[in-house]
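Some notes on the structure that comes next.
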Amino acid sequence: MINRPKGTKDVLPSDVYKWQYVEKVAKECLRLRGFEEIRTPTFESTELFVRGVGEGSDIVNKEMYTFLDKGERSLTLKPEGTASIVRAIIENGLDNGAMPLKLFTLTPCFRYERPQTGRFREHYQFSIETFGSSSPLMEVEVIGAIKSVLDALGFSNYIININSIGCKECRKKYVDVLKKYYYKHLDEVCEDCKVRYEKNALRLLDCKNEGCQKLKEGAPKPREYLCDDCKKHFDELLKLLDASKIRYRINDNLVRGIDYYSRTVFEFLTEEKGALNVVCGGGRYDGLVEELGGKPIPSVGVGLGIEHLLMLLEKNSIELPKPVNLDLYIATTSLNESLKAVELARELRALGVATEIDTMERSLKAQMKYADKKEAKCVIILGEDEINTKSVTLKFMQSKKEYKVNIDTHQNLQKLAEIIKNN
RNA sequence: GUGGGUGUGGCACAGUUGGUUAGCGCGCCAGGUUGUGGCCCUGGAGGUCGUGGGUUCGACUCCCACCACUCACCCCA
């Protein structure tokens with residue numbers, strides 16, 4: 001027995017409609033705001049992520065699916081979506097086009113980590129990426145866009161947390177101060193924090209260990225060390241959010257795990273434990289395009305995990321609308337009848353009626369049961385009488401309403417299709 | 001990478017002082033009026049009890065190892 005690889009998931013027919021619905025809603029929300037879709041490869045040169053995501057990050061250090069292809073090229077399955085999009089922009093010269101660029105994408109992401117609730121080795125990320133604006137208006141645009149998706153799905157059980165970690169310059173100063181503060185207490189701090197101190201000191205701020213909380217409380221915060229420009233940017237952003245009636249909470253301990261963020265970082269947080277507590281997260285990454293070899297173009301983006309979102313919707317008892325998959329089932333009990341059914345089905349499908357016919361040569365009872373299981377909207381039994389009189393009884397499974405309909409002319413078939421659609 | 005939990009037909013489970021044909025529910029297939037579903041009844045298919053060793057006259061039940069899944073941590077969507 002071959003099983004699915006660890007950390008992957010089968011989306012079964014009974015659940016696919018949820019994915020389709022979320023995708024449809026998300027794409028429509030973004031389209032309404034002038035965003036365009038972009039699609040990039042599933043794998044990229046390893047170098048792209050090493051430079052984009054950051055050499056110091058855990059994603060690059062221990063979580064990437066990296067392999068050599070037969071031409072000895074080092075490739076990596078996307079661990080996140082942003083670097084790939086930035087590469088595509090530079091490579092295709094979109095950075096020379098109209099600004100701002102407002103893009104969205106839906107892409108699988110791969111990270112080699114131990115799976116747990118809401119966390120997989122392959123997951124789908126819906127992300128929004130914008131380029132060209134250094135104004136806080138763009139943060140509001142991006143936050144507003146992803147919020148509109150959640151609104152449209154009826155999900156509001158989150159709090160927007162926001163913070164500024166400063167630009168390269170003021171962050172460097174801040175990290176020095178932070179390390180100086182922690183230096184004296186390194187023996188009191190948990191093992192993880194010791195590692196953080198060395199590798200990524202900013203992350204000291206989101207340690208959840210009980211013993212570290214008190215020290216964390218007293219630690220200096222990024223906002224206290226912002227340069228004038230960064231401070232102004234953040235203040236304006238808050239004003240704009242207020243004016244947009246977007247509710248948020250400043251969280252001085254909010255930092256993010258990917259190196260490319262600058263100034264604004266934000267997360268939509270829920271009450272859930274563990275990985276599920278983040279609905280989506282993002283921020284500004286002004287240096288990334290240049291870092292990857294393009295022009296110095298400022299950027300803001302956000303990513304949302306589809307599996308996360310679906311689990312959260314379920315936990316919040318939010319039901320997504322289930323479409324009618326099958327409009328009509330045509331039952332037959334002989335090969336001759338089946339031949340006629342094939343013909344009738346072809347014409348009705350051309351009229352947009354989702355139609356299924358028997359392919360098992362089963363009894364009428366078995367076929368009715370099957371139509372019931374498949375939640376067919378209605379059924380026609382096509383027997384010798386019907387074929388001879390060119391007239392069928394259309395039965396609606398739920399209401400049990402029945403209609404006598406002639407199937408002799410194309411016009412009558414159109415009528416039949418109308419009846420199915422309108423009931 | 002670290003720590004905990006669990007592993008019995010497609011799914012959810014019962015099955016312990018170890019005893020000989022391994023059970024139930026749902027699902028699936030067929031039949032119960034030869035042209036009609038959802039309820040009910042009957043029958044059927046389907047399991048080397050995660051895998052490999054060990055203890056024993058005998059193991060789904062005890063021991064060991066491995067594997068898988070799962071939850072939490074690190075990290076992250």
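Computed from a predicted model, the values in this text were never measured in an experiment. Heavy-atom basis, side chains included; hydrogens, waters and symmetry copies ignored. A, B, ... follow the sequence lines: proteins, then strands. Residue 1 opens every chain.
Atoms NZ (Lys208(A)) and P (C75(B)) sit 7 Å apart, rounded to a whole Å. Between the NZ atom of Lys369(A) and the P atom of C39(B) there is a distance of 8 Å, rounded to whole Å. In this structure, Tyr158(A) atom OH and A77(B) atom C1' are separated by 16 Å, rounded to whole Å. A straight line from CG of Leu150(A) to P of A77(B) spans 15 Å, rounded to a whole angstrom. Distance OH (Tyr370(A)) to P (C29(B)): 10 Å, rounded to an integer number of Å. For Met368(A) and G37(B), the CE to C1' distance is 4 Å, given to the nearest whole Å. If you take CG of Asp192(A) and P of G1(B), they are 16 Å apart, rounded to a whole angstrom. Spacing between atom CZ of Phe155(A) and atom C1' of A77(B) amounts to 13 Å, rounded to whole angstrom units.
Here Lys194(A) pairs with Glu191(A) in a salt bridge; the nearest charged N to carboxylate O distance falls below 4.0 Å. Glu267(A) and Arg256(A) are joined by a salt bridge, as a carboxylate oxygen and a charged side-chain nitrogen come within less than 4.0 angstrom of each other.
In this structure G27(B) sits in no base pair that meets the Watson-Crick or G-U test at under 3.5 Å. Applying the Watson-Crick and G-U wobble criteria (two distances, each under 3.5 Å), C66(B) pairs with G50(B). Applying the Watson-Crick and G-U wobble criteria (two distances, each under 3.5 Å), A45(B) pairs with nothing in any strand. Across all strands shown, A72(B) forms a Watson-Crick or G-U wobble pair with U2(B), both key distances being under 3.5 Å. When Watson-Crick and G-U wobble pairs are counted only if both distances are under 3.5 Å, U21(B) pairs with no nucleotide at all. In this structure C60(B) sits in no base pair that meets the Watson-Crick or G-U test at under 3.5 Å.
A sub-4.0 Å separation between OP1 or OP2 of A30(B) and a side-chain N or O of Ser363(A) is absent. For the OP1/OP2 pair of C71(B) and a distance below 4.0 Å, the side-chain nitrogens and oxygens of Gln116(A) include no atom meeting the criterion. Residue Thr333(A) places no side-chain N or O under 4.0 Å from the OP1 or OP2 atom of G35(B).
The base of G37(B) sits with one of its N or O atoms less than 3.5 Å from a complementary donor or acceptor on the side chain of Asp372(A). One can find a donor-acceptor pair under 3.5 Å joining the base of G38(B) and the side-chain atoms of Lys400(A). Residue-to-nucleotide contacts include no donor-acceptor pair under 3.5 Å from the side chain of Glu122(A) to the base of A77(B).
At the heavy-atom level, Glu386(A) lies under 4.0 Å from base atoms of the strands shown. Across all strands, Lys365(A) comes closer than 4.0 Å to base atoms (heavy-atom distances). As judged by a 4.0 angstrom heavy-atom cut-off over every strand, Arg362(A) is placed among residues touching the sugar-phosphate backbone only. Lys62(A) comes within 4.0 angstrom of a base, heavy atoms only. Residue Val279(A) is classed as a sugar-phosphate contact, given heavy-atom separations below 4.0 Å to backbone atoms only. Residue contacts shown for Asp385(A) include a base, since a base heavy atom lies under 4.0 Å away. Note on Phe120(A): a base of the nucleic acid sits closer than 4.0 angstrom, heavy atoms only.
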Exercise for the section: Take Glu37(A) and Arg39(A), measure what salt bridge (Lys or Arg N to Asp or Glu O under 4.0 Å) needs, and give me the verdict at the end. Expected result: CA-CA 7 Å; Glu37(A) 182 168 358; Arg39(A) 301 186 189 191; 2.9 Å; yes
Problem - Stepwise side chain to side chain contact (heavy atoms under 4.5 Å, CB included) check, Met397(A) with Lys377(A) - result: CA-CA 6 Å; Met397(A) 295 294 270; Lys377(A) 198 168 169 188; over 6 Å; no
Exercise for the section: Take Asp206(A) and Lys216(A) through the test salt bridge (Lys or Arg N to Asp or Glu O under 4.0 Å) and record every step on the way to the result. Expected result: CA-CA 9 Å; Asp206(A) 62 6; Lys216(A) 205 174 94 177; over 6 Å; no
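Listed nucleotides G27(B), G35(B), C75(B) differ in distance to Leu364(A); the shortest reach to its side chain belongs to G35(B).
With P as the reference atom, C40(B) and G7(B) are 31 Å apart, rounded to whole Å. Going from the C1' atom of G18(B) to that of U61(B) covers 6 Å, rounded to whole Å. Comparing C28(B) with G10(B), their P atoms are spaced 15 Å from each other, to the whole Å. Annotation: A12(B) and U8(B) have their P atoms spaced 9 Å apart (nearest Å). Nucleotides A22(B) and G32(B) place their C1' atoms 30 Å apart, quoted to the nearest Å.
Defined by atom type and a distance below 3.5 Å, a donor-acceptor pair is missing between the side-chain atoms of Lys390(A) and Asn412(A). A donor-acceptor contact closer than 3.5 angstrom is absent between the side chains of Lys78(A) and Thr42(A). In this structure, a donor-acceptor pair under 3.5 Å is absent between the side chains of Tyr370(A) and Asp358(A). Side-chain atoms of Thr82(A) and Tyr285(A) include no donor-acceptor pair closer than 3.5 Å. A side-chain donor-acceptor contact under 3.5 Å links Ser338(A) and Thr332(A).
Closest approach of Asp327(A) to Ala354(A), counting heavy atoms only: OD2-N, 2.8 Å.
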Handout entry: Nucleic acid footprint by protein, nucleotides 2-12 of chain B - heavy-atom cut-off 4.0 Å, B for base, S for sugar-phosphate alone
Key = BB---------
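Proximity of residues 390-399 of chain A to RNA chain B (heavy atom under 4.0 angstrom from any strand atom) is restricted to Lys395(A), Met397(A).
For the pair Lys102(A) and Phe35(A), the cation-pi test (distance below 6.0 Å, angle within 45°) is passed.
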